[in-house]
Amino acid sequence: GTLDDVKARGVVNCGVNTGLVGFAAPDANGNWSGFDVALCKAVAAAVLGDPAKVKYVPTTGQTRFTALASGEVDLLVRNTTRTFSRETDLKMDFPAINYYDGQGFMVRKDSGVTSAKELNGASVCIQTGTTTELNLADYFKSNGMTYQPIAIDSNAEGEQQFLAGACDAYTTDASGLAATRAAFPSPQDYIILPEIISKEPLGPAVRHGDNNWGDIVGWTFYALVAGEEYGVTAANVDELAKGTENPEINRLLGHEGNLGAMMGVPNDWAVKAIKAGGNYGEIFEANIGEKTPIGLARGLNAQWTQGGLMYAPPFR
Amino acid sequence: MTSAPDAPEQGFRLSQLIYDTRYRSLTIQVVVLIAVMAAAGWLVDNTVRNLHALGKDFNFGFLWNRSGYDIAQYLIPYSNDSTHGRAMLVGLLNTVWISVLGCAAATVIGIFVGVLRLSKNWLVARLMTVYVETFRNIPVLLWILVSMAVLTEIAPGPNEYKVNPATGEASASMMLFDSVAFTNRYTAIPSASFGRSLGTIDTPLMPVSVDWVLVFAVLAVSIWANARFRKWADAVQESTGARPTTWWKSILIVLVPVVVVAVALGFRIHEPVLKGFNFVGGTNVSNSFVALWAGLSLYTGAFIAENVRAGILSVSKGQSEAAFALGLRPGRTMSLVILPQALRVIIPPLISQYLNLMKNSSLAIAVGYMDLRGTLGGITLNQTGRELECILLMMLIYLGLSLVISTVMNAFNRKVKLKER
Amino acid sequence: MPETATKLQVSDEVAVQLVDVNKWYGQFHVLRDINLTVQRGERIVIAGPSGSGKSTMIRCINRLEEHQQGKIIVDGTELTSDLKNIDKVRSEVGMVFQHFNLFPHLTILENCTLAPIWVRKIPKKEAEETAMYFLEKVKIPDQAHKYPGMLSGGQQQRVAIARSLCMRPRIMLFDEPTSALDPEMIKEVLDTMIQLAEEGMTMLCVTHEMGFAQAVANRVIFMADGQIVEQNNPHDFFHNPQSDRTKQFLSQILGH
Amino acid sequence: MPETATKLQVSDEVAVQLVDVNKWYGQFHVLRDINLTVQRGERIVIAGPSGSGKSTMIRCINRLEEHQQGKIIVDGTELTSDLKNIDKVRSEVGMVFQHFNLFPHLTILENCTLAPIWVRKIPKKEAEETAMYFLEKVKIPDQAHKYPGMLSGGQQQRVAIARSLCMRPRIMLFDEPTSALDPEMIKEVLDTMIQLAEEGMTMLCVTHEMGFAQAVANRVIFMADGQIVEQNNPHDFFHNPQSDRTKQFLSQILGH
Amino acid sequence: MIGKTSPSAPYVRKLMLDPLPPPAKASGVSLWLREKLFSSWGNAFLTVIGIGLIWLLVSHFAPWFLHGVWNADSLAACRKTIATTWGEGASGACWAVIRARWNQFIFGFYPAEIYWRPVLTFVLFLLALAPVLFSQLPRRLLWGSLVYPLVAIWLLWGGSVWPVAMIGVGFVIGAVLWRVLVAKNAILAALAAVVVPVLFWLFLTGPIDDLLGKVLPVSIQSVPSRQFGGFLLAIVLGAGGIVMSLPLGIVLALGRRSDMFLVKMFSIGFIEFVRGVPLIALLFVASLLLNYFLPPGTNFDIILRVMILVTLFSAAYIAEVIRGGLAALPRGQYEAADALGLDYWKAQRLIVLPQALKISIPGIVSSFIAMFKDTTLVTFVGLFEPLKSIPDTIRADFAWKGIYWEFFVFVGAIFFIINFGMSRYSMYLERKLKRDNR
Ligand SMILES: Nc1ncnc2c1ncn2[C@@H]1O[C@H](COP(=O)(O)OP(=O)(O)OP(=O)(O)O)[C@@H](O)[C@H]1O
Ligand SMILES: Nc1ncnc2c1ncn2[C@@H]1O[C@H](COP(=O)(O)OP(=O)(O)OP(=O)(O)O)[C@@H](O)[C@H]1O
Ligand SMILES: [Mg+2]
Ligand SMILES: [Mg+2]
């Protein structure tokens with residue numbers, strides 16, 4: 001299985017975006033960071049004990065699935081939407097959803113458009129090879145509108161075209177829109193339209209059939225979510241790992257029971273995972289939260305206790 | 001004739017397979033065949049096993065499924081309800097279309113620059129050299145990206161054509177009598193329609209407009225008539241020596257019938273007008289197309305210019321001197337003496353430039369023009385997850401296109417060559 | 001003209017006149033104060049060491065080169081940069097080159113009819129008849145439908161002469177017509193030229209074939225350093241040269 | 001062999017034997033029933049008009065061309081399609097071509113040592129000594145380290161001869177060895193060949209140098225249309241030819 | 001003057017004329033201008049258009065170039081500097097980004113502390129190339145060129161020295177087997193020389209590597225291919241592709257010229273297939289399909305896969321170049337080799353290929369230029385080549401968002417300098433070859 005391969009190799013191959021600020025992007029020295037990257041690190045920490053033992057494989061919208069299917073990457077964390085056909089026909093599994101998103105539109109403020117319903121006849125920049133282009137076709141069709149698709153290959157190109165005015169609207173997942181807008185010279189000149197035209201549950205993907213590896217990826221993510229729920233942070237995780245009153249935390253952090261061994265990873269897997277970049281909330285705030293230039297609100301991605309959808313199944 | 005006794009029959013020895021020139025090559029070929037078959041078998045076996053492990057099959061059925069995505073540029077009707085197969089066809093036609101237009105433009109540029117590079121005018125010759133060297137030595141991808149960037153970054157947006165109520169002026173203006181507008185998302189050019197249309201015929205591939213068929217038929221007939229007319233002029237020249245002036249008559253013969261038919265059908269030109277977000281009424285040629293076209297033509301044109309120059313230089317100076325000494329003017333010298341000889345040298349490399357342009361058109365990916373790679377090898381591949389099928393099919397189609405181009409051009413080359421000997 | 005093919009004597013009419021012609025290639029003074037008058041019917045042989053400007057001079061006469069000072073008058077027409085004058089002169093003057101310069105993509109016949117048809121506007125049929133007439137004259141009518149590449153050098157040069165004659169020039173210029181040929185072939189070309197001379201064609205001929213000069217030339221002109229150094233009738237020129245340059249040159253040429 | 005360099009007479013041993021050899025190029029019958037026996041030490045000159053199959057015949061002897069009928073036996077080895085036989089024959093037979101065919105990327109010395117080293121597996125040092133011995137014999141030891149392009153045609157051809165000799169062949173084939181040379185150089189090559197003949201080398205030589213034939217040949221063979229038309233000793237061949245073809249050929253060759 | 005008396009009167013020049021300088025009209029600047037720029041109306045028109053064009057370009061781009069800012073840490077800072085020095089609304093290039101990301105353009109994400117390794121590799125590359133290009137140098141240096149690829153692999157990718165050494169050992173084994181066996185039987189020798197090393201690589205190298213690695217650990221920091229980028233990647237792919245494709249190209253060229261029908265057909269089939277398909281398609285094969293074609297479980301890294309396809313691609317083109325070189329050899333060379341008793345392979349190796357390859361060098365250089373330009377296409381399979389991917393990543397940084405032209409100008413200029421230099425060199429070679437071959 002993949003787990004053995006990873007252990008033998010000593011490094012996790014993680015497929016990421018070629019460059020989407022906040023989610024996955026290399027800096028001048030080639031160090032990757034971002035919301036998706038943090039999950040890669042957490043998995044590496046959980047399995048190998050070291051968040052640095054990740055090899056990032058930048059994939060384009062077109063090459064990502066093959067990279068996964070062919071074994072070039074062990075997991076794909078590249079704002080990929082979980083869909084029916086991707087799980088069945090393309091033979092992948094989405095063990096968890098790390099970001100609940102939806103497709104939106106961004107337009108220039110001075111265009112006077114305030115609703116997606118006013119976009120009839122507009123040129124729309126759209127990244128090829130994504131679910132967004134299918135959603136877009138469906139949306140305009142069901143609203144009896146026409147549009148002119150302007151195909152782009154990467155987010156960077158989309159930004160360029162949109163900034164230059166080559167398209168009236170730029171469509172992608174709302175999170176991506178926010179990230180993109182944040183990076184504009186004058187973000188206040190652009191607005192993201194209120195319509196969200198699709199459900200875009202984004203999550204890490206693994207190959208179909210390797211359930212053990214899927215469990216590891218899924219539960220590592222849930223460990224991060226649970227960490228937030230129970231107040232386990234990067235700062236206090238070592239302290240808490242020595243034992244607490246809360247048996248759930250004890251089981252999570254390996255103080256009690258041997259959940260790790262059941263999956264074939266060290267018992268302190270969750271400790272390492274949370275220490276790598278903090279719990280889900282910390283990761284969110286550090287990479288895409290409201291204090292970052294991207295400035296995304298938690299919204300659907302808040303804990304279930306806060307009215308969001310992030311809900312970690314029980315660790316027992 | 002006295003037939004010598006044949007070499008003593010010694011029966012066949014195994015060592016003959018290696019040492020006997022008669023069998024040796026057979027042995028080697030068998031070994032090579034086995035090796036190639038084994039390699040092919042190995043690849044196929046691996047593929048089968050890999051597919052099996054992934055739970056996939058090898059099946060082109062997806063070509064008949066609904067594609068679900070939109071394509072901005074299509075030459076035959078297409079919508080997201082069409083099949084993947086049709087999307088592939090749209091892409092293929094787009095590839096062919098950009099290749100044909102690209103080759104045409106590159107040839108024009110190449111001839112123009114190649115001739116100017118030999119100009120006596122120092123400045124022009126230098127400028128052309130700079131052009132050729134710059135374009136030849138920098139990747140074509142850069143030229144395509146630059147063309148695209150020029151169009152998107154420098155051309156005005158459609159809304160800049162709007163008349164600003166405050167100043168009463170628009171910040172950008174259309175060109176060519178308000179018929180062409182460069183914008184940062186497309187180039188709006190006039191389109192045509194027929195007021196008294198004869199309707200269209202639906203074929204499975206695309207609806208065919210009877211009007212256009214008629215117009216082209218008439219055009220073909222007039223061109224044929226013009227060829228006859230020129231033959232007649234040749235005959236007159238042969239018998240009297242003086243060639244009747246033909247150029248304006250030729251133009252009349254070609255143009256008048258077409259114009260008459262067009263007028264009869266109520267031919268109208270629609271100039272693009274700004275309405276809402278965009279220009280409507282005309283045809284909007286997407287920038288991705290224009291950028292790809294410009295990048296490919298300028299790049300390939302530089303290579304063709306070199307071929308043209310080499311071709312002309314290959315004709316020795318003595319040839320033009322001899323023609324001058326006979327009293328031929330420079331224009332005639334060019335067309336009767338230099339070009340026919342230069343052409344033989346120019347055509348073979350021209351073929352490979354055409355092939356290169358066709359293959360380079362797959363760089364459409366850089367600007368989002370939906371060619372064969374963009375549809376079949378891009379979105380279809382991605383939406384269906386059929387890498388193996390899509391890429392093999394795509395390579396086969398490109399191979400077919402290459403074969404067609406080289407066959408046609410080689411035939412043309414033979415024709416030009418035959419004239420000599 | 002073929003119909004009046006009799007052994008003409010030199011007439012008084014002037015065919016070509018060069019007055020104080022000077023020419024430079026960049027800083028290099030190739031032709032220096034050239035003065036030369038050629039009468040109609042005269043056969044002039046021009047000799048001289050390599051680089052002395054012989055080719056340049058005769059190429060100036062049909063404006064393949066431009067002179068910068070002085071006057072060149074051909075058949076009463078002064079050569080200026082006026083295109084009409086140039087056309088006129090070129091249609092009066094035929095030229096034969098050292099390397100034949102036949103058009104390789106055309107048959108022998110087409111080579112000969114090309115200029116008559118396109119410049120003289122003669123009907124094709126007539127042009128072909130004339131061409132065959134001259135091809136017969138140079139003794140290769142049977143090669144008419146071959147391409148130049150299939151002919152030997154001597155044959156090619158004879159075709160080149162026929163091609164020029166088809167334009168019915170009144171003056172023929174030859175620039176070392178035999179120097180690119182194998183020895184066996186020189187004779188056939190010289191024979192053709194002698195025949196032409198006998199018919200009274202005005203000829204200026206750059207050549208080192210001294211036998212030819214003695215046989216047909218009215219005058220031999222010796223050039224050196226871009227100047228006409230000596231001129232005389234062939235007999236005196238060869239047997240009694242005056243200038244030292246000439247003597248030296250002749251000793252080289254004849255000793256060889 | 002150099003050590004035994006004395007004027008040998010023809011021995012009884014058979015060096016080369018062709019029995020009823022026939023060869024076609026496609027439909028074209030180049031060699032027709034050739035029968036020829038060459039004794040060891042014999043010097044044979046082959047003459048005949050162009051295209052008569054002379055080259056083809058001697059090229060068959062070392063299998064540069066394949067014959068289709070009949071037998072060719074060289075030094076007791078029959079030439080079949082067996083590679084070993086071919087190798088054996090080729091190492092017995094040296095060949096000198098019209099266009100020298102020296103290897104331009106190797107020095108003269110390397111040209112001469114290449115085959116001994118790679119085919120005969122002789123140590124380099126020894127091969128070089130032998131090469132120098134033969135280069136001295138053809139009188140160009142001082143050129144050993146130059147490249148072929150720097151030598152004159154005559155010198156190149158002598159190197160080609162030395163190169164063949166370095167393989168210590170027992171039979172030498174020459175295919176018009178002097179016809180690509182300028183007249184001044186022909187003599188030096190012929191001298192080398194005469195010297196070789198005097199040392200008793202078995203030689204088959206296609207040439208039109210009749211002086212050479214008369215000086216060294218034991219036999220002259222005349223070929224026409226792919227057949228051996230006449231053969232005789234040189235004196236009788238030249239002074240008393242029998243067949244009409246031979247007479248006609250000789251009149252052309254000698255008259256020229 | 002003779003023209004004025006009887007034209008045919010004997011005449012002897014007494015006084016030779018000295019050469020005079022040309023008249024003012026016929027020399028100097030005015031002549032040059034007249035001849036080269038204004039010799040006719042049409043020419044004058046072209047000149048005016050040319051000047052207009054130059055003016056257009058210069059007036060547009062010169063200010064932008066001249067206002068360029070070299071020192072800034074973001075685009076905003078650039079703009080501010082330009083606005084303060086040249087006034088509001090002035091345009092100017094922000095070269096600072098090149099300065100800031102210079103290393104990334106050159107090395108991609110190669111670890112900064114070991115930049116010396118690619119640099120050294122490059123210097124060695126030039127040294128190894130020297131004996132190939134200049135025949136004046138002693139031939140013995142060619143051995144260095146032969147070993148260089150292994151050294152380069154080790155220096156670039158690092159890690160233990162043994163796997164690389166074992167590759168070399170495999171080649172040595174092959175060569176030795178060939179030497180030993182060739183006297184007995186050429187075909188057997190060829191077979192052995194190919195099969196044994198392959199078996200060696202497949203089955204023996206792994207254990208030996210491990211063993212030697214433990215006994216004698218010689219290793220340097222290893223660098224995964226993912227970190228290659230920028231011009232380093234372009235050069236590694238371009239040069240690596242060409243060098244590795246040479247042997248295959250030679251074999252294909254010989255195959256295409258062979259008399260053996262099947263061998264010829266396979267060679268033609270391969271060459272024409274590769275040449276008929278766009279490189280992008282082959283790159284997609286590398287990134288999407290190659291893993292299907294290899295045994296389950298094998299997993300090359302993408303650079304290696306791209307390298308394999310690039311090698312196959314350039315092999316087809318190199319084969320055609322070499323075929324041209326082979327065709328240029330006169331038949332006499334083959335015949336002389338035959339007559340001396342050299343067998344096919346010896347004749348090829350000693351006589352034919354040395355000459356054919358020399359003739360082919362200009363063509364190979366041209367192929368390299370084409371290949372080097374084509375390496376930019378790897379951006380579409382997610383590799384960080386310098387033309388598109390690196391700028392895209394740089395633009396993903398908030399500081400440099402929205403910067404375009406500077407990248408195009410900079411990357412274009414580097415490509416131009418390298419390729420123009422090489423094309424000049426190949427032209428020089430071509431002229432030299434023409435001279436050498438008389
Ligand atoms: N186009 C040119 N540009 C510069 N110099 C030239 C040109 N053509 C000829 N020359 C020079 O002018 C001089 C005279 O040349 P020309 O060809 O007239 O000599 P020539 O007497 O015909 O010599 P040859 O017997 O070698 O043909 C020579 O020194 C030559 O180098
Ligand atoms: N490879 C070939 N294919 C077909 N025909 C050939 C070939 N080589 C030679 N011939 C023909 O075979 C005939 C004999 O050729 P060969 O070279 O033996 O003549 P030759 O007597 O040596 O003539 P020469 O004196 O011109 O060298 C000629 O008619 C020639 O055209
Ligand atoms: Mg001259
Ligand atoms: Mg012969």
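All figures in this text were calculated on a predicted structure; none of them were measured in a lab. Values reported hereafter were calculated over all heavy atoms of this structure, with side chains retained and with hydrogens, waters and symmetry mates removed.
The parts of V146(B) that come within reach of chain E are both its backbone and its side chain, each placing non-hydrogen atoms under 4.5 angstrom from that chain. With a threshold of 4.5 angstrom between heavy atoms, A366(B) approaches chain E through its backbone and through its side chain. Contacts of L116(B) with chain E are made by side-chain atoms alone, with heavy-atom separations under 4.5 Å and no backbone atom involved. V30(B) does not touch chain E: none of its heavy atoms, backbone or side chain, sits under 4.5 Å away. Both the backbone and the side chain of F293(E) come within contact range of chain B, each with at least one heavy atom under 4.5 Å from a heavy atom of that chain. For I54(E), the part lying under 4.5 angstrom from a heavy atom of chain B is the side chain only. The part of M394(B) that comes within reach of chain E is its side chain, from C-beta onward, which places non-hydrogen atoms under 4.5 angstrom from that chain. When heavy atoms are compared at a cutoff of 4.5 Å, F273(E) approaches chain B by way of both its backbone and its side chain.
Counting non-hydrogen atoms of neighbouring residues, nucleotides and ligands closer than 6.0 angstrom, the CZ atom of F112(B) reaches no more than 12 such neighbours. Other residues, nucleotides and ligands contribute only 12 or fewer heavy atoms inside 6.0 Å of the CZ atom of F45(E). For R257(E), the CZ atom counts as densely surrounded, since its 6.0 Å shell holds more than 12 non-hydrogen atoms of other residues, nucleotides or ligands.
In this structure, E387(B) and L289(E) have side chains that are in contact, with non-hydrogen atoms separated by less than 4.5 Å. A 4.5 Å side-chain heavy-atom check between F266(E) and Q29(B) finds every atom pair outside the cut-off. Using a 4.5 Å heavy-atom cutoff, the side chains of L288(E) and L381(B) are in contact. Side-chain atoms of K373(E) and V140(B), non-hydrogen and from C-beta on, never get closer than 4.5 Å to each other. At a threshold of 4.5 Å between non-hydrogen side-chain atoms, the residues V32(B) and L262(E) do not count as touching. Proximity of I391(B) to F284(E): side-chain heavy atoms (C-beta onward) are separated by under 4.5 Å at one or more points. Using a 4.5 Å heavy-atom cutoff, the side chains of N43(E) and S119(B) are in contact. The closest side-chain heavy-atom distance from L282(E) to M395(B) is below 4.5 Å.
Within residues 127-135 of chain B, the residues having any heavy atom under 4.5 Å from a heavy atom of chain E are, by residue number, L127(B), E133(B), T134(B).
Side-chain atoms of K388(E) do not come within 3.5 Å of backbone N or O of L142(B) as any donor-acceptor pair.
Contact detail for N121(B) and L46(E): the closest heavy-atom pair is ND2-CB, 3.9 Å. Taking all atoms of both residues into account, the shortest heavy-atom contact from K359(B) to R275(E) is NZ-O, 2.6 Å. For the pair Y292(E) and N50(B), the tightest heavy-atom approach, listed with the atom from each and the gap, is O-ND2, 2.6 Å.
When V150(B), L26(B), V44(B) are compared by the number of non-hydrogen pairs under 4.5 Å with chain E, V150(B) comes out ahead. Of the listed residues (I369(E), T47(E), L294(E), T376(E)), the one with the most heavy-atom contacts under 4.5 Å to chain B is L294(E). For the set F372(E), F261(E), W405(E), Y404(E), the count of heavy-atom pairs under 4.5 angstrom toward chain B peaks at W405(E). Chain E forms more heavy-atom pairs under 4.5 Å with one residue of N356(B), V48(B), L355(B), L363(B) than with any other, namely L363(B). Interface remark: of the candidates D45(B), I397(B), L396(B), T47(B), T47(B) forms the most heavy-atom pairs closer than 4.5 Å to chain E. Considering only heavy-atom pairs separated by less than 4.5 Å from chain B, the leading option among G276(E), P278(E), A44(E) is P278(E).
Taking CG of L141(B) as the reference point, atom OG1 of T379(E) lies at 7.5 Å (rounded to 0.5 Å). To the nearest 0.5 angstrom, M265(E) atom CE is 13.5 Å from L33(B) atom CG. With rounding to the nearest 0.5 Å, the separation of CD1 in I414(E) from CD1 in I138(B) is 11.0 Å. Distance check: S406(B) OG to E272(E) CD gives 7.5 Å after rounding to the nearest 0.5 Å.
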Item to check | Audit row: S25(B), D259(E), side-chain contact (heavy atoms from CB on, under 4.5 Å) steps and yes/no | outcome: CA-CA 9 Å; S25(B) 84; D259(E) 319 321; over 6 Å; no
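A side chain to side chain contact (heavy atoms under 4.5 Å, CB included) with S362(B) holds for exactly one of L283(E), I280(E), L377(E); it is I280(E).
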